Each structure stands twice: as structure tokens, then as C-alpha cells.
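Remember, it's a predicted structure, so these values are computed and weren't measured experimentally. FYI, the numbering just counts along the sequence from 1.
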Amino acid sequence: SDPNIFTSNFQYDAETRIPFTVMDSSSSCFKKGQRRSPLFNLIICQDLFDTHERYTILLRDIITRYPGIQILLWNYPGQAFTSFPESNNKVSFTNAYHATILHGLLSHIQCLTKNPTSPCSFDVAHPHYLLGYGAGASIALHHASHHRTPHL
């Protein structure tokens, strides 16, 4: 069956907004009303020249083939469909900055999933893998070393 795909925006601050997508095939594994526990969660930090839209297409077959997987995809400020501080000289798009955005996104998603009417189902409290590809590997490493989440 097709995975559930939830796409939304995260407003980090007054000037910074990024899109994110949650791909969830875990809902098809369980009967209605049964407690949902994903097989595993995957957070992807892509390369600078990739976007979460590309990974949504790329990973659709994989998530459909292996039920129980949840994947979080997100664009960095400055990538497609984002808004970011253009004239502010105080913001540098460093690994630390992007890792802080990811940390804020995970907090935002945790609040979303606490709402029973929210279609977003990414379980931040469940153990997850952080996958960095290209420049995203440095962002993932910085996040893992500075924003120590207990389920990473």
C-alpha cells in the first residue's frame, strides 16, 4: 500500500521557514486502534544541491516495500520553497545553524504528533537513524554531537 505522506512548513523564526515531509508506512502495518510502533525512523540530511522533494520521489518505492518505516525529509534555509534572512549579516549558513534548525524542527514535530487530530505521525520519541549525504553528513554529525537526543 502507498505510504502516508505529510508535507508542511516549519516556521523557525520571523524570517526563516522551511518545508518538510514525513513519509510513513507504519500505519499500514497495524489494525485500526492498535498501538503503532514503527520499524525504524530515518531522518535524512541531504546534500546542498538536493531537496526533500527529490528524496520523496526516490524513497517512495523503498518505504512502500518495507512497511513500518518513517522518514523525515526537510529543506535547508536557502533551498527550494524556503524563506530565510537575506539581508541579515548575523546569520551564516553553517553546519551549526542547520543543526539548530533540525533540532527546532524535531521539537515542532513532537508537538504536532501530540495532537490526536494531526496527520503528522513521525515519532520523535522512537529510536531513529540520522543519515547525512554529502554536505548533509556534516550537518548530521553536528546535530548528533551537539543536540544529543536520547533516541538517536
Side-chain angles (χ1 to χ4, degrees), residues 2-28 36 38-64 68-152:
D2 282 341
N4 292 326
I5 297 178
F6 172 77
T7 300
S8 187
N9 289 299
F10 166 58
Q11 189 78 37
Y12 178 71
D13 58 25
E15 296 179 287
T16 309
R17 182 182 50 81
I18 61 166
F20 68 94
T21 297
V22 173
M23 300 177 75
D24 180 12
S25 68
S26 66
S27 61
S28 62
R36 295 174 53 212
L39 180 64
F40 69 88
N41 289 346
L42 182 62
I43 300 169
I44 296 183
C45 298
Q46 74 268 356
D47 197 16
L48 288 176
F49 300 107
D50 287 329
T51 63
H52 85 283
E53 296 87 1
R54 180 174 179 252
Y55 277 87
T56 301
I57 296 165
L58 180 71
L59 297 171
R60 180 181 276 283
D61 288 340
I62 293 172
I63 199 167
T64 303
I69 298 174
Q70 293 180 318
I71 300 175
L72 172 63
L73 306 164
W74 57 294
N75 279 356
Y76 309 136
Q79 288 185 314
F81 308 110
T82 63
S83 59
F84 55 95
E86 296 178 34
S87 61
N88 187 348
N89 293 331
K90 295 179 184 177
V91 175
S92 296
F93 295 137
T94 63
N95 295 331
Y97 176 71
H98 291 303
T100 302
I101 297 284
L102 175 58
H103 186 70
L105 175 60
L106 292 174
S107 297
H108 173 71
I109 289 173
Q110 187 172 20
C111 289
L112 278 179
T113 56
K114 287 182 180 179
N115 180 353
T117 62
S118 173
C120 182
S121 59
F122 190 83
D123 189 357
V124 177
H126 191 272
H128 54 269
Y129 296 96
L130 188 58
L131 173 67
Y133 178 75
S138 299
I139 296 167
L141 179 62
H142 192 280
H143 182 271
S145 63
H146 289 84
H147 302 279
R148 297 189 177 157
T149 57
H151 303 290
L152 181 61

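Expressed to the nearest 0.5 Å, how far CD1 of Ile44 lies from CG of Leu130 amounts to 10.0 Å. To the nearest 0.5 Å, atoms SG (Cys45) and CG (Leu141) are separated by 10.5 Å. Residue Ile57 holds its CD1 atom at 8.0 Å from OG1 of Thr51, rounded to the nearest 0.5 Å. Atom CD of Gln79 sits about 9.5 Å away from atom CZ of Phe49, to the nearest 0.5 Å. Atoms CG and CD1, on Leu102 and Ile43 in that order, are 6.0 Å from each other to the nearest 0.5 Å. Distance check: Ile18 CD1 to Leu105 CG gives 5.0 Å after rounding to the nearest 0.5 Å.
In this structure, Pro19 and Thr82 approach most closely via the heavy-atom pair CD-CG2, 3.5 Å. Across all their heavy atoms, Thr56 and Met23 have their closest contact at O-CE, 3.6 Å. In plain terms, the two heavy atoms of Ser138 and Asn95 that are nearest each other are CB-ND2, 3.3 Å. Pairing each heavy atom of Leu106 with each of Val124, the nearest pair is O-CG2, 3.7 Å.
Listed by chain and residue number, Thr21 satisfy the side-chain hydrogen bond (donor to acceptor under 3.5 Å, both in side chains) test with Thr7 (two or more places apart in sequence, or in another chain). Shown here are the side-chain contact (heavy atoms from CB on, under 4.5 Å) partners of Ser83, two or more places apart in sequence or in another chain: Arg17. Legend: residues meeting ring pair (Phe, Tyr, Trp, His ring centres under 6.0 Å) with Phe10, ordered by chain and number and at least two apart, are His108. Take Tyr76 and apply the ring pair (Phe, Tyr, Trp, His ring centres under 6.0 Å) test, not counting sequence neighbours, and it matches Trp74, His98. When the side-chain hydrogen bond (donor to acceptor under 3.5 Å, both in side chains) test is applied to Asn115, the partners found at least two apart in sequence or on another chain are Thr117. Scanning for side-chain contact (heavy atoms from CB on, under 4.5 Å) contacts around Thr94 gives Ser92, Ala96, Tyr97, with sequence neighbours left out.
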key: Ile71/Ile62 under side-chain contact (heavy atoms from CB on, under 4.5 Å): CA gap, chis, key distance, verdict   = CA-CA 11 Å; Ile71 300 175; Ile62 293 172; 5.8 Å; no

request  = Apply side-chain contact (heavy atoms from CB on, under 4.5 Å) to His147 and Thr100, showing your working.
outcome  = CA-CA 8 Å; His147 302 279; Thr100 302; 3.8 Å; yes

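The closest donor-acceptor contact from the side chain of Thr16 to the backbone of Asp13 lies at 3.5 Å or more, if one exists at all. In this structure, Asp47 contributes its side chain and Asp50 its backbone to no donor-acceptor pair below 3.5 Å. Looking only at distances, a side-chain donor or acceptor of His146 sits under 3.5 Å from a matching main-chain atom of His142. Under the 3.5 Å distance criterion, the side-chain polar atoms of Asp24 are left unmatched by any main-chain donor or acceptor of Asn4. Gln46 places no side-chain N or O within 3.5 Å of a backbone atom of Gly136 that could act as its donor or acceptor partner.
Contact annotation: the side chain of Leu42 approaches that of Leu131 to within less than 4.5 Å [non-hydrogen atoms, C-beta and beyond]. Counting heavy atoms from C-beta outward, Asn41 and Pro127 have side chains that stay 4.5 Å or more apart.
Aromatic ring pairs are classed by plane angle as parallel below 30°, tilted from 30° to 60° and perpendicular above 60°; the pair Phe122 and His128 is tilted.
Within 6.0 Å of CZ in Phe93 there are more than 12 heavy atoms belonging to other residues, nucleotides or ligands.
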